[in-house]
Student: 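Structure in structure tokens, see below.
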Amino acid sequence: MKKYLRLYAYFLRFSFSKSMEFRFDFFFRILMDFAWYGTQIAFFSILYKHTNLLGGWNFDQVLIFMGSIFVVDAVNMTVFSNNFWWLPTYVNRGELDYYLMRPVSSLFFLSLRDFAANSFMNLFFAIGFLVWTILRYPESFSIDKIMLFIFLLICGILLFAMMGMIFIIPVFWLHSQKGLKDIFSSFQRFGNQPHRIYSGWIKHVLTSILPFAFVASYPVSILFENSPLKAVMHSFILVISLFLFMRYFWKKGLRAYSSASS
Amino acid sequence: MTTKLFFKTLNLEARTTMSYRFDFWISAVIGFIAEFGAVWFLWNAVFKESNSDVIGGYSLSSMYIYYLTVILISKIVRGSRSKNDIASDIYQGNLNKYLLFPVNYILYKYAQHLGVMFPSFIQFFLFGVVVILVIDLPNDINLSFTSIFMALITIFIANILYFLMNYMLKLTAFWIDNVWSLDAFKWFIVSLLGGYMLPISVFPKNLQIVLNYLPFKFLFDFPVNTLFGKIGVEIWVKEIAISLIWCLFFLIVCRLVWKKGRLQYTGVGI
């Protein structure tokens with residue numbers, strides 16, 4: 001564990017010095033994320049001009065939901081997205097050898113090596129926005145609920161990242177440009193809306209096989225519910241199951257990999 | 001640039017795009033269903049919880065058709081991302097050859113853009129035919145041969161407008177190191193203000209007035225409403241003229257940026 005933490009500290013140091021090379025990109029990344037936050041807030045603001053509730057939530061509650069989505073996205077953009085972007089290229093060019101030879105987990109190395117320091121600033125904004133939406137909410141929340149919310153949101157971040165990876169791993173067989181990343185992006189839209197608007201089999205899919213409902217919507221809902229333990233257990237089991245599946249799938253993928261130099 | 005070269009470039013790019021067939025079709029079909037599924041549940045909830053029959057001039061069923069159409073039209077207006085875009089040419093030094101070749105660079109890039117878009121064009125017609133055959137059109141949508149003909153012209157102009165906006169933005173690669181985030185920035189703005197995320201008639205009235213003076217509505221909202229027969233011929237001609245003026249504006253800006261940018265270019269490998 002100590003070895004992995006030390007290694008991650010090196011990743012961070014390298015990423016920060018690299019990001020300073022591209023100062024314009026640093027600025028434009030902030031601009032891009034602010035545009036995304038702005039369009040999402042505008043989208044829900046316009047919807048709420050026509051309705052008072054959406055999936056049982058009022059606008060104040062949806063603002064907390066949006067803050068949570070922004071935090072999940074900011075962590076993903078900062079910690080994982082660069083790594084997921086480059087993985088298909090390494091696989092298709094047969095350039096994974098360098099990472100497979102290291103005396104550390106290849107999954108760890110390839111998922112976390114490239115920390116996007118240029119997205120780091122947005123993480124502060126996203127967290128700030130989430131805290132602001134919670135503080136401006138007309139009722140106050142107990143410390144227990146806030147702690148549970150933070151725990152579920154961390155689970156949501158992990159679920160989101162693992163689903164992202166699971167959709168990229170098929171590149172070992174498909175050799176396409178991005179794996180199935182585009183499909184993942186389409187499904188992602190389900191997670192950007194309150195889970196109570198879904199019904200029927202899609203609701204079951206979003207809470208089990210593709211648990212987008214547990215990324216931000218369920219974590220936010222426990223702030224307004226009285227019996228949150230079921231959701232906490234459900235989320236925890238999902239994180240463990242998805243992690244085991246991702247590791248199994250990764251190993252299967254590596255077996256299908258053919259190096260450019262062998 | 002000769003017509004023959006234009007179509008050869010288009011053909012080559014279309015074949016390159018189609019080389020990842022499985023990925024392309026799976027992504028297209030599942031992406032289409034997932035994207036529509038998400039808005040289906042969203043608007044179902046909005047209509048139910050607001051107890052409204054009509055929002056922004058759309059009934060629930062015509063709102064579904066709006067999104068089905070806008071998702072399909074956006075495939076043609078935006079096209080797919082090409083590996084050979086302007087920014088890549090600048091970063092990788094591929095622009096060197098185009099500066100020497102006797103071709104008009106912007107026309108060459110447009111031919112490539114159409115080529116990359118060609119498979120999306122097939123999807124548009126296939127999915128479009130399925131939608132028309134499977135779904136009963138609500139009364140407030142008046143699909144006719146005239147509206148289809150007008151819509152095709154509108155979509156073609158929207159495609160050119162989107163290409164020029166994209167081209168202008170990608171030319172900033174002469175000065176900045178990475179245009180990816182600017183590209184994403186553009187899409188967020190265009191998707192909201194152009195009517196991809198929401199029909200413009202759903203926006204507050206004062207914002208609708210502002211949007212009328214911007215070029216974004218010509219990309220998605222205007223083509224959809226033209227197809228639905230909601231735009232009279234006289235207004236359509238006027239709006240088409242305005243959209244062409246926007247195209248001309250972006251073309252002039254592109255030329256100016258290109259002229260300035262070329263002087264900044266340091267051809268890798270020269």
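Here the structure is a predicted model, which means the values were calculated and not measured. Sequence lines set the chain letters: A, B, ... in the order given, protein chains first and strands last, and positions in each chain run from 1.
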Student: Are A:F28 and B:V179 close enough that some pair of their side-chain heavy atoms sits under 4.5 Å apart?
Tutor: no
Student: Other residues, nucleotides and ligands only: do more than 12 of their heavy atoms fall within 6.0 Å of CD on A:E139?
Tutor: no
Student: Counting neighbours of NZ on A:K203 that are heavy atoms of other residues, nucleotides or ligands and sit closer than 6.0 Å, is the number greater than 12?
Tutor: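 Check fails, neighbour count at 12 or below.
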Student: Taking side chain as everything from C-beta outward and backbone as N, CA, C, O, which of these in B:W175 sits under 4.5 Å from a heavy atom of chain A? Side chain, backbone, both or neither.
Tutor: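 For B:W175, the backbone is the part near chain A, not the side chain.
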Student: Under 3.5 Å, side chain of A:H50 to main-chain N/O of B:V46, donor-acceptor pair present?
Tutor: no
Student: Answer whether the closest heavy-atom distance between the side chains of B:F41 and A:S199 falls below 4.5 Å.
Tutor: yes
Student: Return the option, out of B:I55, B:I189, B:L207, B:L42, with the maximum number of heavy-atom pairs under 4.5 Å with chain A.
Tutor: B:L42
Student: Can you confirm whether B:K186 is buried at NZ, in the sense that more than 12 heavy atoms of other residues, nucleotides or ligands lie under 6.0 Å from that atom?
Tutor: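 Correct, the count exceeds 12.
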Student: According to salt bridge (Lys or Arg N to Asp or Glu O under 4.0 Å), does anything in residues 32-44 of chain B pair up with another residue at least two apart or in another chain? List the pairs.
Tutor: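 Every pair satisfying salt bridge (Lys or Arg N to Asp or Glu O under 4.0 Å) with a residue in residues 32-44 of chain B: A:R189-B:E35.
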Student: Using a heavy-atom cutoff of under 4.5 Å, enumerate the residues of residues 36-49 of chain A that contact chain B, numbered in order, or state 'none'.
Tutor: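 Near chain B, by residue number: A:W36, A:T39, A:Q40, A:A42, A:F43, A:I46, A:L47, A:K49.
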Student: Can you tell me if A:W86 has over 12 outside heavy atoms packed within less than 6.0 Å of its CH2?
Tutor: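 Check fails, neighbour count at 12 or below.
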Student: Of all heavy-atom pairs between A:M77 and B:W180, which one has the smallest distance, and what is that distance?
Tutor: CE-CH2, 3.7 Å
Student: Against chain A, work out which of B:A45, B:A34, B:S52 has the most heavy-atom pairs shorter than 4.5 Å and name it.
Tutor: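 Among B:A45, B:A34, B:S52, the one with the most close pairs to chain A is B:A34.
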Student: Find the one option among B:V39, B:N51, B:L192, B:I176 whose heavy-atom pairs under 4.5 Å with chain A are most numerous.
Tutor: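 Sorted descending by pairs with chain A, the first entry is B:I176.
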Student: Quick check on A:I30 against chain B: is it the side chain, the backbone, both or neither that has a heavy atom closer than 4.5 Å?
Tutor: neither
Student: With no hydrogens and no angle check, is any side-chain donor or acceptor of B:E49 less than 3.5 Å from a backbone partner on A:T51?
Tutor: no
